[in-house]
Amino acid sequence: MSLNNRWFQLGASLVAMIMIANLQYSWTLFVQPLRTATGWKLSDIQFAFTLFILFQTWVQPLDGWLIDRLGPRGFISAAGLLCGLGWAGLAYATTLPMLYTLYCVAGIGAAFVYSGSIGSALKWFRDRRGLASGIMAAGFGGGTALFIPFISSTIQSRGYQSAFIATGLFQGLVIVVVAQFLRHPAADAVTTGKSLRGAPTLDRRQFTTPEMLRTPQFYMMYLMFVLMATGGLLVTANAGPMARSWGLTAAALTLAATLSPLANASSRIFWGWASDRLGRENTMTIAFLLQAVCLFLVVALGQRSGAWFAFTLVLVYFTWGEIYSLFPSTSADYFGTRHATSNYAVLYTAKGVASIIGGWFGALLYERSGSWTMGFYGSALMALIAALMAVGLRFAATASKAKAGSLPTPVAAR
C-alpha cells in the first residue's frame with residue numbers, strides 16, 4: 001500500500017495515538033501504589049497529572065505550527081524517545097520534583113504525537129472530518145484498554161515500577177518505528193475533496209492562527225472546551241481514589257478501567273460520525289446535556305456497588321470523549337484545514353486549563369471536604385452551560401452566514 005494512501009496514514013497515526021494512551025488513562029492505576037510506596041499526599045501526586053496535561057496541551061501550539069510546515073516524521077520520532085524515557089523513568093522517581101519532571105517529559109512527547117496525528121487526520125480527510133478525527137482521538141481515548149489487564153497484573157505481581165518500565169519502553173519504540181511512515185498530503189489533496197451529505201465541503205477561507213485568535217467564535221469554543229473537559233478529567237485522574245473512598249474492590253476498579261476506555265473510544269467515533277450528519281453544534285448540544293446527567297449519576301448511583309460504579313463511568317466516558325472529535329472538526333469547519341494542526345493545537349490548550357480544575361483541584365476539594373459530591377455536581381453544571389453555549393454558537397453561525405464578508409462561518413450549511 002502506498003505511503004500516500006490516506007487510510008494507511010490514518011492507520012499509522014492511529015497506532016502512535018494508541019501508544020500514548022497509557023500516559024493519561026492508566027495513570028489512576030499507579031496513584032495508590034505511589035501513595036503507599038512514598039507516603040505522598042493525593043493532591044501532590046495528582047499535581048503531576050495536572051502538569052502532564054498542561055505540557056501535553058500547551059506545548060502543542062508551537063509544535064503544531066512547526067509540524068504544519070516541516071511535516072510530522074521528525075517530531076513523532078522525537079516523541080517516541082520522550083514518551084518512552086519519561087514514562088519508564090517514573091519507575092525511578094523518588095522525589096516529587098523527579099515525578100513532576102519525568103511526567104512532563106512524557107507530556108511533551110504526547111503533545112507531538114497528538115497534534116501531529118489529529119492535524120494529519122484533518123488534512124487527509126477533509127470530506128469526513130468528524131469521522132477521521134473521531135477515529136484518531138479514539139486511539140488516544142481507548143488505546144489503554146489493550147494495556148489495562150497487563151498493567152494491573154504487573155503492578156500486583158511485580159510492582160508499579162515494572163509496569164512503568166515495560167510499557168514505557170514498548171510504547172516509545174513503537175512510536176519511533178511508526179513515525180518513519182508518516183507524511184502530509186500533497187497540496188492538491190488538501191484543497192480538494194468530495195463531500196458527504198451534511199458534511200463540510202470546500203473551505204471558504206484558510207485562517208492562520210493569529211487570524212483565528214481575533215474571532216469571537218474561537219473564544220466561545222475555548223470556554224466550551226474547558227467546561228466540558230473538566231468532568232472527564234476529574235474521573236480520569238481520580239477513579240482509583242474514588243473507588244477506594246467508597247469502599248469498592250480492586251476488581252471493580254479494574255472493570256471500570258477496562259470498560260471506560262472502550263466507551264471513550266467509541267464515543268469519539270460515534271459522535272464524530274453523527275456530527276458529519278447532524279451538524280457539529282447540534283451534536284454538541286445533545287452530547288453535552290447527556291454528559292451533565294451522567295456526571296450526576298456517578299455520585300447518585302456509582303458508590304452503591306462495583307457494577308454501578310463501572311456502569312456510570314462508562315456512561316460518563318461515552319458522553320465526554322466526543323469533545324476530542326467534535327472540537328477539532330469544528331475548528332476546521334470554521335477556520336480551514338491549511339493551518340489545522342496549529343489552530344487546533346491552540347484550542348486544545350483548553351484541556352490544560354481543565355486539568356487544573358478536574359485533576360488537581362478535584363483531589364484537593366476531596367481532601368478538604370471528604371466528599372466527591374461537590375466536584376461532580378460542579379462538573380455537571382459546567383457541562384450544562386457548555387450545552388447552552390453550543391446552541392448559542394449555532395445561532396451565531398447562522399446569523400453570521402447572512403452577512404457578506406463576515407467573520408468565519410462553518411464552510412457548509414449543516
Side-chain angles (χ1 to χ4, degrees), residues 18-53 55-56 81-110 140 143-175 233 235-246 248-261 306 309-310 313 355 359-360 362-363 366-367:
I18 290 172
M19 290 300 110
I20 65 170
N22 282 332
L23 276 61
Q24 177 172 319
Y25 290 102
S26 72
W27 171 255
T28 192
L29 299 179
F30 292 92
V31 174
Q32 188 58 37
L34 278 167
R35 291 179 69 186
T36 301
T38 62
W40 297 331
K41 293 193 304 181
L42 174 63
S43 58
D44 288 338
I45 293 174
Q46 294 298 35
F47 186 63
F49 179 83
T50 295
L51 289 174
F52 165 78
I53 299 295
F55 274 77
Q56 190 251 335
L81 298 176
L82 294 170
C83 290
L85 296 177
W87 186 253
L90 290 171
Y92 303 98
T94 55
T95 65
L96 286 170
M98 286 180 63
L99 183 77
Y100 298 157
T101 301
L102 289 165
Y103 208 7
C104 288
V105 168
I108 294 172
F140 185 60
T144 195
L146 301 174
F147 297 91
I148 288 294
F150 170 78
I151 292 174
S152 297
S153 63
T154 302
I155 290 175
Q156 293 177 11
S157 62
R158 299 172 58 190
Y160 73 90
Q161 295 95 336
S162 296
F164 272 134
I165 294 171
T167 53
L169 295 180
F170 175 76
Q171 292 160 183
L173 177 61
V174 172
I175 292 171
L233 291 174
V235 173
T236 299
N238 297 297
M242 283 163 48
R244 291 180 181 85
S245 69
W246 290 339
L248 303 177
T249 64
L253 176 61
T254 300
L255 176 63
T258 302
L259 295 179
S260 293
F309 179 74
L313 259 61
S355 73
W360 173 74
Y366 168 73
E367 288 180 344

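Quantities reported herein were computed from a predicted structural model and do not represent experimental measurements.
Applying the side-chain hydrogen bond (donor to acceptor under 3.5 Å, both in side chains) criterion to Thr50, with sequence neighbours excluded, gives no partner residue. Ser245 pairs by the side-chain hydrogen bond (donor to acceptor under 3.5 Å, both in side chains) definition with Trp372, not counting sequence neighbours. In this structure, the side-chain contact (heavy atoms from CB on, under 4.5 Å) partners of Ala93, at least two apart in sequence or on a different chain, are Met98, Leu99, Leu102. The ring-ring contact (aromatic ring centres under 6.0 Å, His included) test applied to Phe52 returns Tyr103, not counting sequence neighbours. Every residue was checked against the side-chain contact (heavy atoms from CB on, under 4.5 Å) condition with Pro149, not counting sequence neighbours, and none meets it. Every residue two or more places apart in sequence or in another chain that forms a side-chain contact (heavy atoms from CB on, under 4.5 Å) with Thr249 is listed here: Ala251, Ala252. Under the ring-ring contact (aromatic ring centres under 6.0 Å, His included) criterion, Tyr100 pairs with Phe47, sequence neighbours left out. The side-chain contact (heavy atoms from CB on, under 4.5 Å) check on Thr38 picks up Trp40, with sequence neighbours excluded. With sequence neighbours excluded, the residues forming a side-chain hydrogen bond (donor to acceptor under 3.5 Å, both in side chains) with Ser43 are Glu367, listed by chain and number. Judged as a side-chain hydrogen bond (donor to acceptor under 3.5 Å, both in side chains), and not counting sequence neighbours, the contacts of Gln46 are Trp27, Asn238.
Within the 4.5 Å cutoff, side-chain heavy atoms of Ile155 are placed close to those of Leu29. Side-chain contact between Ile20 and Ile175 is present, with heavy atoms from C-beta onward closer than 4.5 Å.
Without hydrogens or angle criteria, Ser153 side chain to Phe150 main chain gives a donor-acceptor distance under 3.5 Å.
Residue pairs meeting the side chain to side chain donor-acceptor pair (under 3.5 Å) criterion with at least one member in residues 160-175, sequence neighbours excluded: Asn22-Gln171, Trp87-Thr167.
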